[in-house]
Visitor: 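Before anything else, here's the structure in question.
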There are 2 protein chains.
Amino acid sequence: MKTLIVEDDRTLADILAFTFVREGFEVINAYSGEDALNLWEDECPDLMILDVNIPLPDGFSVCETIRKNWDTPIIFLTVRDNEEDIIRGLDVGADDYISKPFSPRQLMARVDAVMRRSSINIEEDHYQVGTVFLDLEQKSLTIPGQDPIFLSESECRFVHCIMRYAGQVVTSQILINCIWGPGNGNKEMLRQLVHRLRKKMGVQEETQSIIETISGIGYCFCQ
Amino acid sequence: MKTLIVEDDRTLADILAFTFVREGFEVINAYSGEDALNLWEDECPDLMILDVNIPLPDGFSVCETIRKNWDTPIIFLTVRDNEEDIIRGLDVGADDYISKPFSPRQLMARVDAVMRRSSINIEEDHYQVGTVFLDLEQKSLTIPGQDPIFLSESECRFVHCIMRYAGQVVTSQILINCIWGPGNGNKEMLRQLVHRLRKKMGVQEETQSIIETISGIGYCFCQ
DNA sequence: TCACATTGTCACACAATTGTCACACACATA
DNA sequence: TATGTGTGTGACAATTGTGTGACAATGTGA
């Protein structure tokens, strides 16, 4: 998956690039509207992250120009709570927006949602990170070179949740809410679920370490 | 959000309280400097509105005393255009001032601005200085080119505190109060926390020197 | 009814985190 | 040189968090 990041603030551009690379995206950086349009033509990215405030053609114009010929997803970056920008951005064809400052998790959640809505993406009932494949309909998890692992309902929710944020930590509280709904689970139940899932996944070192524990915080899906 | 209002004129104090309550703040009233200092210790407010002209220790002394151990935002109330007061107020560590008389809207605008500048702002779930990135939710510290470092609760509070004042020295006392709360930590614990954190951050020179010791005063976050 | 999978709960072992102590070293001062 | 202060470092114990096995309750299908 190829992402074009259009951001003239180099520091923020670095952070963005870092976040996407960590998620397994290929990243191209543009630092002005002109750059963006040229690179768009040359590279044909699958997704664009576009700051409104960039030099030369501003974000809105860039978005408008591209939308004439493409329907690739575009996510806008705006300063917090600037409603005018948000409305205008969506108006010129952006798929979503995110207000600065934002956390990497917030950003990836938006990317996820946009990719899911767009046709680029795999169907809703599949999930793939690296070579690991989760089938939400069959509730099966496939790791190359192994037989598929069939998951129970709650195990499936757990895997789904950590796969969505692959490479990032997901807090225990978020997981509990995702699996059992707010106020219905607890840490003890989560601990047991992870234990049973790891057991099911087998003793292989590589497989075991897919679910990493981050002490005091939560769990993390590692490629 | 808890606000301590220090104002001996009961009428004005009531108006202030009303304004804050209407905005969803919890309000505590103090009518003298002594009151203010006691309530400060007991209630740990998130914000203080402080009239200069209050009995017993005056506003300046109160502010000075509190600033020795806390970095919670303080807004001064002064009579109109008394520049001496304003300068002296900011000098003893106030974050902003507002001249009497003022409109509730003016006041809340100042409060908003001060809260935004300080990290009390609850919505802020991450912090960025240069290329260093702190995720408060994941409790992770990311330096480009390195794996994220996962922090414990107290380590996270420490990093949060020094990152807020990046480039400035933060005194040991302020750090201790930020990390363990009033009367719960000591310099020995702080020293050990820094030691463990540096160890966790690895042997890389660049990474190590992010936390600089300022002998006899405290610590400083360097780019 | 029985076998079986799934789930919630408990008890216990082990690991991570934290508070405390002891000691080494650098530096300033008399 | 001797002394005191501030800091870095390692070791230890107490506390807290996590992994694991066992058991019972529930639901499902044969």
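Reminder, nothing fancy here: chain letters follow the sequence lines and each chain counts from 1.
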Visitor: Pick the closest DNA chain C nucleotide for A:E155 and for B:E155 by heavy atoms, then say which residue is nearer the 5' end.
Guide: A:E155

Visitor: I need the B:T3 OG1 to B:L47 CG distance, nearest 0.5 Å.
Guide: 4.5 Å

Visitor: If I take atom CG in residue A:L197 and atom P in nucleotide C:dA5, what distance separates them, rounded to the nearest angstrom?
Guide: 17 Å

Visitor: B:S154 side chain N/O closer than 4.0 Å to the phosphate oxygens (OP1, OP2) of C:dT18?
Guide: yes

Visitor: Could you state the CD1-C1' distance from B:I179 to C:dT18, rounded to the nearest angstrom?
Guide: 13 Å

Visitor: Check the phosphate of C:dA5 against A:S152, side-chain N and O only, distance under 4.0 Å to OP1 or OP2. Yes or no?
Guide: no

Visitor: Take atom NE2 of A:H195 and atom P of C:dT6, then tell me their distance rounded to the nearest Å.
Guide: 15 Å

Visitor: Would you state whether a donor and an acceptor, one from the side chain of B:Q192 and one from the base of C:dT20, lie under 3.5 Å apart?
Guide: yes

Visitor: Which distance, rounded to the nearest 0.5 Å, do you find between the CG of A:L136 and the CE of A:M163?
Guide: 8.5 Å

Visitor: Using the side chain to side chain contact (heavy atoms under 4.5 Å, CB included) definition, which of the options A:N29, A:L50, A:I28, A:I74 pairs with A:L4?
Guide: A:I28

Visitor: Would the base of D:dG17 count as contacting A:E188 through its side chain, where contact means a donor and an acceptor less than 3.5 Å apart?
Guide: no

Visitor: Out of curiosity, B:I210 CD1 to B:C220 SG, how far, rounded to the nearest 0.5 Å?
Guide: 11.5 Å

Visitor: Separation of B:M189 atom CE from D:dT7 atom P, in whole Å?
Guide: 17 Å

Visitor: Report yes if a side-chain nitrogen or oxygen of B:S215 is closer than 4.0 Å to either non-bridging phosphate oxygen (OP1 or OP2) of C:dC27; otherwise report no.
Guide: no

Visitor: Report the C-alpha separation of A:F20 and A:I5 in whole Å, then their side-chain angles, then the decisive distance to 0.1 Å, and conclude whether the side-chain contact (heavy atoms from CB on, under 4.5 Å) test is met.
Guide: CA-CA 10 Å; A:F20 277 95; A:I5 296 173; 3.9 Å; yes

Visitor: From CZ of B:R157 over to C1' of C:dT18, roughly how many Å is that when rounded to an integer?
Guide: 13 Å

Visitor: Provide, to the nearest angstrom, the distance between the NZ atom belonging to A:K199 and the C1' atom belonging to D:dG19.
Guide: 11 Å

Visitor: Within less than 4.0 Å of OP1 or OP2 of C:dT20, is there a side-chain N or O belonging to B:N186?
Guide: yes

Visitor: Would you say the base of C:dG8 and the side-chain of A:R196 have a donor-acceptor pair closer than 3.5 Å?
Guide: yes

Visitor: What integer distance in Å separates B:W180:CH2 from C:dT20:P?
Guide: 10 Å

Visitor: Contact class for A:F150 (heavy atom, under 4.0 Å): base, sugar-phosphate, or nothing?
Guide: nothing

Visitor: Below 4.0 angstrom from OP1 or OP2 of D:dG19, is there any side-chain N or O of A:Y219?
Guide: yes

Visitor: Give the rounded distance in Å between these two atoms: CZ of A:R191 and C1' of D:dT20.
Guide: 9 Å

